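Read through the structure below, which is laid out as structure tokens, and then see the notes.
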Amino acid sequence: GNGQASFHDGTASLPSITNIGDLETGMFFPANDEIAFTLGGTEATRISGGRVLIGHTETVANGGDNQQFQVVGTGSSDGISLARFNADYGAYFTIGRSGSGTIGTFTAVPINDEIGRIQFAVADGTDMASVGAMINAATEELAASNDVPTRLMFSTTADGASSPTERMRLDSSGRLLIGTTTEGDASADNFTVSGSGNIGMTLRSTDSGQNSFFFSDGTSGTPEYAGYVQYN
């Protein structure tokens, strides 16, 4: 049979107590290389094949991979939460990468190599291997000591496609590129929009407000709107 280690707050000698009231709390071994923990008679966490599973008893391939830490559920509160109660700092989530395959070795990441990504996987009726959208971070130069020029890329999947395509890029110099990976003219390359067919940009006020483009020579007063194109 399965081995079981039980936790209790009674005074009787082990192993006679396996319940606290009517609520079973313990640890058991459902299969080889698996450990499960129960709270209140319900399985809460399982370690299976080196993976930590919360809310389910088998691994789920999400985005085509079986990740080491998996949270699965059907309720609105099933997820991962980060919170910090501090007067000076907020909570944060860090993704890091070294160019080395040896843990603890911090080899510089090569130029144009991915640092990390956030993926959004979509069930397509067969599995959940398809990635519908993602946000990637990549190096723009060879990383050096305290010098890590990095860009962010935002990708979505078009109708009829099975994988995401890059739509927007924020590069290491702060330029925003939409529909292209190449900036515009050197004298005005902070914001570039590119695409096939008709392209453009729309300003829409949902009430009686104005739509404006302002050309500024300063950060306050009339220099903020030294020139403008305005629709009233």
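All values derive from a computational prediction rather than experimental measurement. Quick note: numbers below take in every heavy atom, side chains included, and nothing from hydrogens, waters or symmetry partners.
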Atom [atom1] of residue position [X] - does it have more than 12 heavy atoms of other residues, nucleotides or ligands inside 6.0 Å?
{"X": "Tyr92", "atom1": "OH", "value": "no"}
{"X": "Phe214", "atom1": "CZ", "value": "yes"}
{"X": "Asn198", "atom1": "CG", "value": "no"}

Show me the pairs that pass side-chain hydrogen bond (donor to acceptor under 3.5 Å, both in side chains) and involve residues 81-91, at least two apart or across chains.
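Listed by first then second residue: nothing to list.
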Do any pairs count as a side-chain hydrogen bond (donor to acceptor under 3.5 Å, both in side chains) and have a residue in residues 212-232, sequence neighbours left out, and if so which ones?
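Non-adjacent pairs meeting side-chain hydrogen bond (donor to acceptor under 3.5 Å, both in side chains): Gln210-Gln230, Ser212-Gln230.
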Going by the rule side-chain contact (heavy atoms from CB on, under 4.5 Å), which residues pair with Phe85 if we only count those two or more places apart in sequence or in a different chain?
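side-chain contact (heavy atoms from CB on, under 4.5 Å) list for Phe85, sorted by chain: Ala83.
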Using a 3.5 Å distance criterion without hydrogens, assess whether the side chain of [X] forms a donor-acceptor pair with backbone atoms of [Y].
{"X": "Glu183", "Y": "Asp189", "result": "no"}
{"X": "Asn66", "Y": "Ala61", "result": "yes"}
{"X": "Ser77", "Y": "Gly75", "result": "no"}
{"X": "Ser98", "Y": "Thr107", "result": "yes"}

The test is side-chain contact (heavy atoms from CB on, under 4.5 Å); show your working for Met201 and Val193 and say whether it passes.
CA-CA 9 Å; Met201 183 167 55; Val193 180; 5.6 Å; no
Please report the closest heavy-atom contact between [X] and [Y], naming both atoms and the distance.
{"X": "Asn211", "Y": "Ser205", "result": "OD1-N, 3.3 Å"}
{"X": "Met128", "Y": "Ala121", "result": "O-CB, 3.8 Å"}
{"X": "Thr192", "Y": "Thr182", "result": "CG2-O, 3.9 Å"}
{"X": "Glu34", "Y": "Ser48", "result": "OE2-OG, 2.8 Å"}
{"X": "Ala108", "Y": "Leu142", "result": "CB-CD1, 4.4 Å"}
{"X": "Glu141", "Y": "Ile111", "result": "CA-CG1, 3.7 Å"}

Not counting sequence neighbours, which residues clear ring pair (Phe, Tyr, Trp, His ring centres under 6.0 Å) with Phe213? List them please.
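Residues passing ring pair (Phe, Tyr, Trp, His ring centres under 6.0 Å) with Phe213: none at all.
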Quick check on side chain to side chain donor-acceptor pair (under 3.5 Å): which of Asn112, Thr139, Asp171, Asn136 does Arg151 satisfy it with?
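Of Asn112, Thr139, Asp171, Asn136, side chain to side chain donor-acceptor pair (under 3.5 Å) with Arg151 is met by Asn112 alone.
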Is there a path of hydrophobic side-chain contacts, each under 4.5 Å between heavy atoms, that joins [X] and [Y]?
{"X": "Val148", "Y": "Ile95", "result": "no"}
{"X": "Phe191", "Y": "Phe215", "result": "yes"}
{"X": "Ile178", "Y": "Leu203", "result": "yes"}
{"X": "Leu176", "Y": "Phe154", "result": "yes"}

Would Thr202 and Arg204 count as a side-chain hydrogen bond (donor to acceptor under 3.5 Å, both in side chains) here? Give the steps.
CA-CA 6 Å; Thr202 299; Arg204 177 185 295 119; 5.5 Å; no
For Asp78, give me all partners under salt bridge (Lys or Arg N to Asp or Glu O under 4.0 Å), at least two apart in sequence or on another chain.
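In terms of salt bridge (Lys or Arg N to Asp or Glu O under 4.0 Å), with neighbours along the sequence ignored, Asp78 is linked to no residue.
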Can you list the residues that meet the salt bridge (Lys or Arg N to Asp or Glu O under 4.0 Å) rule with Asp113, with sequence neighbours excluded?
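Asp113 satisfies salt bridge (Lys or Arg N to Asp or Glu O under 4.0 Å) with Arg97 once adjacent residues are dropped.
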Would you give the length of the straight line joining atom [atom1] of [X] to atom [atom2] of [Y], rounded to the nearest 0.5 angstrom?
{"X": "Asp65", "Y": "Thr59", "atom1": "CG", "atom2": "OG1", "answer": "11.5 Å"}
{"X": "Glu43", "Y": "His56", "atom1": "CD", "atom2": "NE2", "answer": "10.0 Å"}
{"X": "Arg169", "Y": "Thr181", "atom1": "CZ", "atom2": "OG1", "answer": "5.0 Å"}

side-chain contact (heavy atoms from CB on, under 4.5 Å) partner of Pro164, chosen from Thr157, Ile135, Thr156
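For Pro164, the side-chain contact (heavy atoms from CB on, under 4.5 Å) test succeeds with only one of Thr157, Ile135, Thr156, which is Thr157.
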Per the side-chain contact (heavy atoms from CB on, under 4.5 Å) rule, which among Gln119, Met153, Glu166 passes with Met134?
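Of the listed options, the one satisfying the test is Gln119.
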Are Gln70 and Asn62 side-chain neighbours, meaning at least one heavy-atom pair lies under 4.5 Å?
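The answer is no, as the side chains (C-beta and beyond) never meet within the 4.5 Å cut-off.
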How far apart are the C-alpha atoms of Glu58 and Leu53, what are their side-chain angles, what is the distance that settles it, and do they pass the side-chain contact (heavy atoms from CB on, under 4.5 Å) test?
CA-CA 7 Å; Glu58 296 181 357; Leu53 315 179; 5.6 Å; no
Using the side-chain contact (heavy atoms from CB on, under 4.5 Å) rule, take Ile80 and Phe93 through it: C-alpha gap first, then chi angles, then the decisive distance, then the call.
CA-CA 11 Å; Ile80 300 173; Phe93 179 74; over 6 Å; no
